[in-house]
Amino acid sequence: MATEGGDIYRRTQKKMFDNMYGALYGDPKMEREAQKTLEKLEKKRRKPEPAFSIQNVCWFISSIAVFYYTEFPLAVIYDRRVKRLWLNIGLILIMVNITIALFFIVWLSYIKKLKSDEWEKRYPAFIPVATFCFVIGAVCVMIAMWPLWSFFTPIILFTLFMGFVVVVAVLPGVC
């Protein structure tokens with residue numbers, strides 16, 4: 001899956017490079033120089049960021065701290081200031097987003113062996129629907145939690161979201 005994205009990136013990069021320097025290709029020296037530049041760019045592109053980078057560790061630690069000090073689960077479950085209607089709508093929309101993601105990742109990638117480049121071709125509406133559901137769901141959860149933390153609500157929810165993203169990104173490398 002990662003090489004497919006890399007192939008697309010390389011083809012796009014080569015096409016852009018050819019368009020920019022196509023007129024200079026008459027000279028073999030310029031063509032070799034252009035190829036060397038393209039290879040240097042490719043080497044830079046190949047270096048993946050390690051799963052346990054300093055940014056990921058900081059997001060993970062800060063999300064644990066926010067989760068602990070805000071007593072997030074207790075606040076969501078028991079606090080009477082939470083607007084339950086907005087919370088339920090937001091959680092349903094976020095679950096729709098997660099369901100679409102699981103459909104793409106588990107069903108299409110692992111079970112059906114469909115490449116990620118073909119997802120949009122076969123199911124063109126799913127990615128916009130998932131994006132819409134996540135954005136509206138996040139806004140609904142923010143409205144629901146606003147009475148608890150007021151203007152800290154977006155910061156708290158974003159920090160928790162980034163911790164979740166870091167954990168999900170690290171899981172495939174661990175398993």
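Since the structure is predicted, the reported quantities are computational estimates derived from the model, not experimental observations.
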Consider only side-chain heavy atoms of I, L, V, M, F, W and Y, link residues closer than 4.5 Å, and tell whether [X] and [Y] are in one cluster.
X	Y	answer
Ile98	Ile127	yes
Phe126	Trp107	yes
Leu93	Phe132	yes
Ile64	Val165	yes
Phe104	Ile111	yes

### Message
Does atom CD (Glu118) have a neighbourhood of more than 12 heavy atoms from anything else shown, all under 6.0 Å?
### Response
yes
### Message
Looking at Arg122, I'd like to know if its CZ atom is crowded, meaning that more than 12 non-hydrogen atoms belonging to other residues, nucleotides or ligands lie closer than 6.0 Å.
### Response
no
### Query
Taking all atoms of both residues into account, what is the closest heavy-atom pair of Cys133 and Val96, and its distance?
SG-CG1, 3.6 Å
### Message
Minimum heavy-atom separation for Phe60 and Val167, please, with both atom names.
### Response
CE1-CG2, 3.5 Å
### Message
Quick one: does any side-chain atom of Lys113 pair with a main-chain N or O of Tyr110 as donor and acceptor, under 3.5 Å?
### Response
yes
#### Entry: Derivation of the salt bridge (charged side-chain N to carboxylate O under 4.0 Å, His left out) call for Asp117 and Lys115
CA-CA 5 Å; Asp117 295 340; Lys115 296 179 182 179; over 6 Å; no
Between [atom1] on residue [X] and [atom2] on residue [Y], distance to nearest 0.5 Å:
X	Y	atom1	atom2	answer
Ile100	Thr131	CD1	OG1	8.5 Å
Leu102	Asn97	CG	CG	9.5 Å
Asn56	Met162	CG	CE	8.0 Å
Ile94	Thr99	CD1	OG1	11.5 Å

### Message
Please determine whether side chain to side chain contact (heavy atoms under 4.5 Å, CB included) holds for the pair Leu108 and Tyr123, giving the CA-CA distance in whole Å, both sets of side-chain angles, and the decisive distance to 0.1 Å.
### Response
CA-CA 11 Å; Leu108 293 182; Tyr123 303 98; 3.7 Å; yes
Which pairs would a plain distance check flag for residues 139-157, meaning a side-chain donor or acceptor within less than 3.5 Å of a matching protein atom at least two apart in sequence or in another chain?
| unit_1 | atom_1 | unit_2 | atom_2 | d |
| --- | --- | --- | --- | --- |
| Thr153 | OG1 | Ser150 | O | 2.8 |

### Centroid-centroid distance, Phe103 to Trp119, less than 6.0 Å
no
### Summary
For Phe161, the ring pair (Phe, Tyr, Trp, His ring centres under 6.0 Å) test, sequence neighbours excluded, returns Phe134
### Close side-chain approach of Leu87 and Val76, heavy atoms under 4.5 Å
yes
### Message
Applying ring pair (Phe, Tyr, Trp, His ring centres under 6.0 Å) to Trp59 and Phe158, what does each step give before you reach the verdict?
### Response
CA-CA 10 Å; Trp59 278 118; Phe158 181 74; 5.6 Å; yes
